[in-house]
Undergrad: 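This structure is in structure tokens; I'll ask about it shortly.
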Amino acid sequence: MEAIRLKMQAANDPYRTLNREQALAAAFHDFVQRVLSAGWNEPEVALTLADIADDYVMALARRVAN
């Protein structure tokens, strides 16, 4: 798996969101391909990843609220 390249940018840099999305999308694609090649099918992978992402968002919201 290729390393994620972090470009240090100011929080208000107009390209920060685009660069973050590109880096995460590339890593996500690589990860999904590895999981699919291990034998799981796309619908179960997609649903599981959505569940994991939802859990992460909810945990983050709890931390921010405290």
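Residues: numbered from 1 along the sequence shown.
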Undergrad: Can you name the residues that form a side-chain hydrogen bond (donor to acceptor under 3.5 Å, both in side chains) with Asp13, not counting sequence neighbours?
TA: none
Undergrad: Is the shortest side-chain heavy-atom distance between Thr48 and Val35 below 4.5 Å?
TA: no
Undergrad: My understanding is that only residues two or more places apart in sequence, or in another chain, count here; which of them pass side chain to side chain contact (heavy atoms under 4.5 Å, CB included) with Asn66?
TA: none
Undergrad: Sort and list the pairs that fulfil side chain to side chain donor-acceptor pair (under 3.5 Å) and have at least one residue in residues 14-23, not counting sequence neighbours.
TA: Gln9-Asn19
Undergrad: Once rounded to the nearest 0.5 Å, what's the spacing between atom CG of Leu47 and atom CG of Asn41?
TA: 9.0 Å
Undergrad: Can you sort out the partners of Ala61 under side chain to side chain contact (heavy atoms under 4.5 Å, CB included), two or more places apart, ordered by chain and number?
TA: none
Undergrad: Restricting to side chain to side chain contact (heavy atoms under 4.5 Å, CB included), what partner residues turn up for Ser37, sequence neighbours left out?
TA: none
Undergrad: I'd like to know if Phe28 and Trp40 are part of one continuous hydrophobic network [Ile/Leu/Val/Met/Phe/Trp/Tyr, side-chain heavy atoms within less than 4.5 Å].
TA: yes
Undergrad: Sequence neighbours left out, what passes side chain to side chain contact (heavy atoms under 4.5 Å, CB included) with Glu42? Give chain and number order.
TA: Leu36
